[in-house]
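Okay, structure first, notes after.
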Amino acid sequence: MPLSRYLIALLFLVLCGPRALAIDSVRVPQDAAAIDLTHAVEKYSSEGDRLQVSTAPGSDGIIRRIEVGAKEAGTRPSWIVFALTNDTDEQLERLIVAPHFRLQGSGVIWPDLGATRISAITASQGFPPEHEDSGDADVFRLTLDPGTTITYVAELRTPNLPQLYLWEPDSYKDKVTSLTLYKGIVIGIAGLLALFLTIVFVVKGAVIFPAAAALAWSVLAYVCIDFGFWAKIFGVDPNADRIWRAGAETVLSATLVVFLFAYLNLNRWHVRAWHVAALWLLILADPVVIAIFDAPVAAGIARISLATVAAVGFVLILYLATHGFDRAIMLIPTWFLLLLWVCAAGFTVAGWLTNDLVSPALVGGLVLIVMLIGFTVMQNAFASGGLAHGAISDIERKALAMTGANEIVFDWDVPADYIYVSPEVEEQLGLDRGGLEGAASSWLALLHPFEHDRYRACLDALLEQRRGRINQEFRLRASDGHYFCYRLRARPVIGQDGEVIRVVGTLTDITDERNARERLLHDAVHDNLTGLPNRELFFDRLEAALVFAGLEAGVLRPTVLAVDIDRFRQINEQVGVATGDSILLTIAHRLTRLLQPQDTLARLDGDRFAIILVSETHVDHVIALADSVRRTLATPVRFTDREISLSVSIGVALFDKELHPDRHDMLEDSEIALRHAKKLGGNRIEVFRPAMRAQRSDRLTLEADLRRALERGEIKVFFQPVVRLEDRTIAGFEALLRWEHPRLGQLDPSEFGQVAEQTGLVVDFGLLALERTARELAAWQRALAVDPPIFACVGVGSRQLLRHDLLRDVKSVLMRNDIVKGSLKLELSEGLVMENPEYATQMLGRVKELGAGLAMSDFGSGYSSLAYLQSFPFDTIKIGRSFTRQTGKGSRAVILRSLISLAHDLGMDVVAEGAETESDAIELYQLGCAYAQGYAFGRPISPVEARRLVGAAPEAA
């Protein structure tokens with residue numbers, strides 16, 4: 001009979017295929033606390049809502065068939081099958097435990113964040129297992145009768161079942177209890193750490209503390225979720241636990257980035273560090289949203305980010321530590337432990353570490369690492385005094401302030417008569433340590449002799465009055481003999497008896513400040529170019545000389561000589577401003593050598609010098625000295641390969657108490673004599689005579705006539721042709737003012753321009769020239785339609801440029817006259833533009849927007865730089881006469897060619913002034929210059945002649 005049963009069973013196995021194979025049962029000893037069933041189960045993939053399996057052979061050896069249906073019809077769940085054998089004589093109760101989440105083997109990419117694992121368990125015989133409530137595992141209680149073998153079929157909620165244990169109930173309870181205690185301790189430590197760092201953040205607002213507090217709170221959230229504390233408190237759905245877990249891992253990675261950035265202050269090392277950190281945080285913001293829809297993807301991104309931050313951060317910390325950054329050095333041990341923790345976590349999620357204690361140990365290790373980070377932050381705070389603010393005393397604060405301000409302490413112990421100063425001043429003076437310490441009188445040997453009395457008076461006043469302050473400057477002699485200047489600020493400290501017991505204060509090195517102040521004072525009364533006294537100092541010394549002359553009649557008779565270089569303006573135009581300045585320096589040196597120390601040589605302005613002569617009182621000797629000045633300055637000045645001949649005119653004003661009651665009168669008389677010498681042809685000496693004063697009325701008459709010149713229509717506008725060198729056609733005109741004086745005849749601006757500038761009439765003259773030129777230009781363009789159109793240049797002076805009304809005037813003129821945009825050009829000299837280049841750039845840009853053109857005259861005279869030239873909106877460059885004359889000789893042709901090439905590269909037209917001959921015009925054309933003006937093409941002509949030249953209709957009467 002038994003043989004037949006075995007044959008039937010074998011036939012059944014053959015007919016039913018692989019699924020009919022019996023499962024091996026697991027023996028359950030009575031004294032076993034836990035049995036790992038993870039590898040003793042058979043797994044079946046989803047194939048429908050029902051599963052047929054063969055049971056393990058019972059005590060009678062028969063293999064049976066059972067069929068199990070899913071809890072929900074129509075689903076395709078996964079299944080596991082296992083069998084348990086109780087071969088003891090007692091009934092056994094055991095717990096089937098399937099943890100919801102296990103860090104071990106969960107994986108990095110798309111990690112297993114499983115919530116519930118088992119839906120139901122069906123037994124082949126006896127009572128079905130009872131489900132028991134548990135927050136972090138699926139727990140089923142089952143009963144094994146003595147001598148029975150029971151097969152269990154479990155329906156899974158997820159395809160994965162990382163672990164399945166059979167626990168003895170009391171052992172499982174003890175394990176849960178001990179683990180709960182451990183979890184409580186870890187959560188408590190994490191909570192206290194987060195709270196402590198938050199309090200520190202509130203007390204100390206530095207960015208490092210909120211970053212550390214945020215990291216601690218994120219770790220606390222991660223621990224609460226991992227230990228199931230979150231679900232117990234808030235009753236979270238087990239399926240939502242996966243979302244919270246993925247979000248916590250993402251926030252943990254983000255706060256670690258923030259802490260690393262804030263602690264190392266990465267933004268100070270490289271400006272891009274902020275961009276990298278912001279981009280990293282922006283990338284980590286996405287997984288927080290993704291976690292709602294696909295928690296495994298979000299957790300995978302967070303785990304990769306966490307490992308990357310740990311590795312990159314460690315390399316960055318080592319790099320900064322090798323560059324002497326103290327914070328990085330202090331963080332090395334803690335971050336090394338974090339790197340080890342990440343490696344251990346990596347081995348765990350990869351399944352290389354499977355011990356049940358690994359996951360709790362890793363969570364506890366993470367809390368420990370955050371605690372070490374908090375200690376590191378606190379250590380850094382204490383080391384830098386970060387928490388000491390508010391706890392510092394007022395005396396300590398003042399001491400720190402003095403140290404920060406690099407002040408030198410001065411302390412005089414009055415009863416002991418002992419002065420103490422900080423060693424810095426002794427080092428600066430080159431003295432031995434203690435060289436300034438000792439009795440107050442010992443300082444007299446080092447003080448400047450002129451300051452001994454003031455030093456004694458200051459200290460004595462404090463001792464006598466028992467109040468007040470010292471705020472004085474003293475000079476102390478260094479070991480090498482020169483002096484340093486210090487400012488002593490001190491106040492007395494009064495004892496209980498009302499007497500001064502100490503004088504305490506600071507010494508401040510103000511040597512540089514004093515030198516700068518002296519330079520400013522020197523520059524205020526001296527000429528910047530020659531270093532000679534200027535007009536203010538000249539008048540001061542002249543007044544002093546006149547006072548002494550009044551007190552010592554006949555002994556001191558000062559004489560004033562006014563010296564002016566003849567035709568210096570023309571010389572300056574020929575040789576350039578730089579060479580002109582060198583000539584003025586040479587003149588200053590020559591004049592200085594002729595005078596005695598008691599005499600004064602001053603530069604009043606431009607090429608005008610003045611001398612206060614007190615070393616000679618006899619008239620003949622004064623005239624002889626003046627002649628020596630004339631002959632000395634007549635010696636040619638040599639520069640490279642050329643000589644420049646000079647001549648001077650000298651006006652002499654001899655002292656006369658009746659004629660010169662005021663210092664201005666004496667200088668004015670010498671200048672009257674100087675003008676008289678220039679009218680007589682220059683290169684001569686004229687002594688002032690009272691009759692010369694009558695000639696001063698000429699200037700007043702000229703000024704009065706000039707004021708009426710506009711009303712009488714005496715100011716005329718003439719036009720000098722500008723020729724196109726390629727075909728010698730008229731390209732444009734330059735407007736020039738002429739004064740048709742009824743008595744003196746035609747005067748050019750050189751004869752009345754200075755008076756017009758001083759009286760302000762130059763603005764009215766400029767507006768007249770602008771309006772007349774615009775009207776004529778419109779007529780020229782109507783008569784001569786060429787491309788490019790004919791243009792006209794109108795000069796603008798400094799007074800016009802500084803007036804905001806210039807924009808209104810230009811706009812008004814352009815609106816009243818129909819002229820081509822950009823053809824009416826405002827002409828400004830290079831020197832005028834460079835007086836205030838920033839203002840000129842703005843003003844000229846607005847003029848350009850109105851539709852006017854811009855031309856720069858005297859280009860190349862040495863004022864401007866290429867950087868400014870590029871910023872100015874000029875469209876035309878006019879090269880001065882000094883560069884166009886004798887263009888074929890020496891290096892001048894090379895310079896001229898370079899100037900023309902530079903202007904063309906900047907997109908500007910070039911007009912060469914001063915073309916006097918046909919050869920000049922040919923050479924200019926060969927050098928690339930497109931336009932030229934000068935006597936070779938005609939002198940300035942009247943508006944009628946200009947219209948006739950371009951074929952325009954004459955103006956109607």
Where the side chain of [X] meets the backbone of [Y], is there a donor-acceptor pair that is under 3.5 Å apart?
| X | Y | answer |
| --- | --- | --- |
| Thr334 | Ile373 | no |
| Glu168 | Ser171 | yes |
| Asp87 | Gly147 | no |
| Thr38 | Leu164 | yes |
| Thr177 | Lys173 | yes |

Decide side chain to side chain donor-acceptor pair (under 3.5 Å) for Thr55 and Arg64; before the verdict, give the C-alpha distance in whole Å, the side-chain angles of both, and the deciding distance to 0.1 Å.
-> CA-CA 5 Å; Thr55 63; Arg64 295 175 175 81; 5.5 Å; no
To the nearest 0.5 Å, what is the distance between [atom1] ([X]) and [atom2] ([Y])?
| X | Y | atom1 | atom2 | value |
| --- | --- | --- | --- | --- |
| Leu260 | Leu316 | CG | CG | 6.0 Å |
| Leu193 | Leu368 | CG | CG | 10.0 Å |
| Lys175 | Thr180 | NZ | OG1 | 10.0 Å |
| Leu338 | Ile317 | CG | CD1 | 8.5 Å |
| Leu179 | Ser359 | CG | OG | 9.0 Å |
| Ile80 | Arg117 | CD1 | CZ | 11.5 Å |

Restricting to non-hydrogen atoms, name the atom on [X] and the atom on [Y] that form the minimum distance, rounded to 0.1 Å.
| X | Y | answer |
| --- | --- | --- |
| Pro111 | Ala299 | CG-CB, 3.7 Å |
| Pro129 | Ile121 | CD-O, 3.5 Å |
| Asp138 | Thr116 | OD2-C, 3.4 Å |
| Val370 | Ala216 | CG1-CA, 3.9 Å |
| Glu93 | Pro169 | O-CD, 3.2 Å |
| Val377 | Ala212 | CG2-CB, 4.1 Å |

Would you list the pairs meeting salt bridge (charged side-chain N to carboxylate O under 4.0 Å, His left out) in which at least one residue belongs to residues 123-134, sequence neighbours left out?
->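 Every pair satisfying salt bridge (charged side-chain N to carboxylate O under 4.0 Å, His left out) with a residue in residues 123-134: Glu132-Arg141.
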What salt bridge (charged side-chain N to carboxylate O under 4.0 Å, His left out) pairs are there with at least one residue in residues 249-260, not counting sequence neighbours?
->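 For residues 249-260, and leaving out neighbouring residues, the salt bridge (charged side-chain N to carboxylate O under 4.0 Å, His left out) pairs sorted by first residue read Glu249-Arg303.
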Between Val153 and Ile66, does a side chain to side chain contact (heavy atoms under 4.5 Å, CB included) hold up when you go through it step by step?
-> CA-CA 9 Å; Val153 180; Ile66 60 173; 3.8 Å; yes
Hey, are the side chains of [X] and [Y] touching, using non-hydrogen atoms and a 4.5 Å cut-off?
| X | Y | result |
| --- | --- | --- |
| Ile118 | Leu156 | yes |
| Ser54 | Ile23 | no |
| Gln91 | Pro146 | yes |
| Tyr165 | Leu37 | no |
| Val367 | Leu220 | no |
| Phe314 | Leu318 | yes |
| Val223 | Leu366 | no |

With sequence neighbours excluded, what pairs up with [X] under the side-chain contact (heavy atoms from CB on, under 4.5 Å) test?
| X | answer |
| --- | --- |
| Glu155 | Ala70, Lys71, Pro77, Trp79, Ser119 |
| Leu340 | Phe336, Leu337 |
| Val297 | Trp110, Ile290, Asp294, Ile301 |
| Thr149 | Ser25, Ala56, Thr85 |

Those residues that, when tested against Glu67, pass side-chain hydrogen bond (donor to acceptor under 3.5 Å, both in side chains) (two or more places apart) =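 Residues passing side-chain hydrogen bond (donor to acceptor under 3.5 Å, both in side chains) with Glu67: Arg50, Gln52.
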Pairs meeting criterion side-chain hydrogen bond (donor to acceptor under 3.5 Å, both in side chains) with involvement of residues 190-199, two or more places apart | Thr198-Trp217
Which one of Leu92, Ile150, Asn86 satisfies the side chain to side chain contact (heavy atoms under 4.5 Å, CB included) criterion with Val28?
-> Leu92
Set of residues satisfying salt bridge (Lys or Arg N to Asp or Glu O under 4.0 Å) with respect to Arg94, sequence neighbours excluded = none
With Asp36, which residues qualify under salt bridge (Lys or Arg N to Asp or Glu O under 4.0 Å), at least two apart?
-> none
Derivation of the side chain to side chain contact (heavy atoms under 4.5 Å, CB included) call for Leu84 and Ile35 | CA-CA 11 Å; Leu84 302 177; Ile35 300 175; over 6 Å; no
Any pair with a residue in residues 120-159 that passes ring pair (Phe, Tyr, Trp, His ring centres under 6.0 Å), sequence neighbours left out, goes on the list, sorted by first then second residue, please.
-> Phe82-Tyr152, His131-Phe140
Could you give me the CA-CA distance, side-chain angles and deciding distance for Phe101 and Asp136, then say whether side chain to side chain contact (heavy atoms under 4.5 Å, CB included) is met?
-> CA-CA 7 Å; Phe101 171 76; Asp136 55 0; over 6 Å; no
Can Val251 and Tyr222 be said to form a side chain to side chain contact (heavy atoms under 4.5 Å, CB included), step by step?
-> CA-CA 9 Å; Val251 173; Tyr222 176 80; over 6 Å; no
Tell me yes or no: between the side chains of Thr143 and Asp145, is some donor less than 3.5 Å from an acceptor?
-> no
Run the side-chain donor-acceptor check on residues 305-313: report pairs under 3.5 Å with partners two or more places apart or on a different chain.
from, atom 1, to, atom 2, distance (Å)
Ser305, OG, Ser253, OG, 2.6
Ser305, OG, Trp280, NE1, 3.0
Thr308, OG1, Ile304, O, 2.7

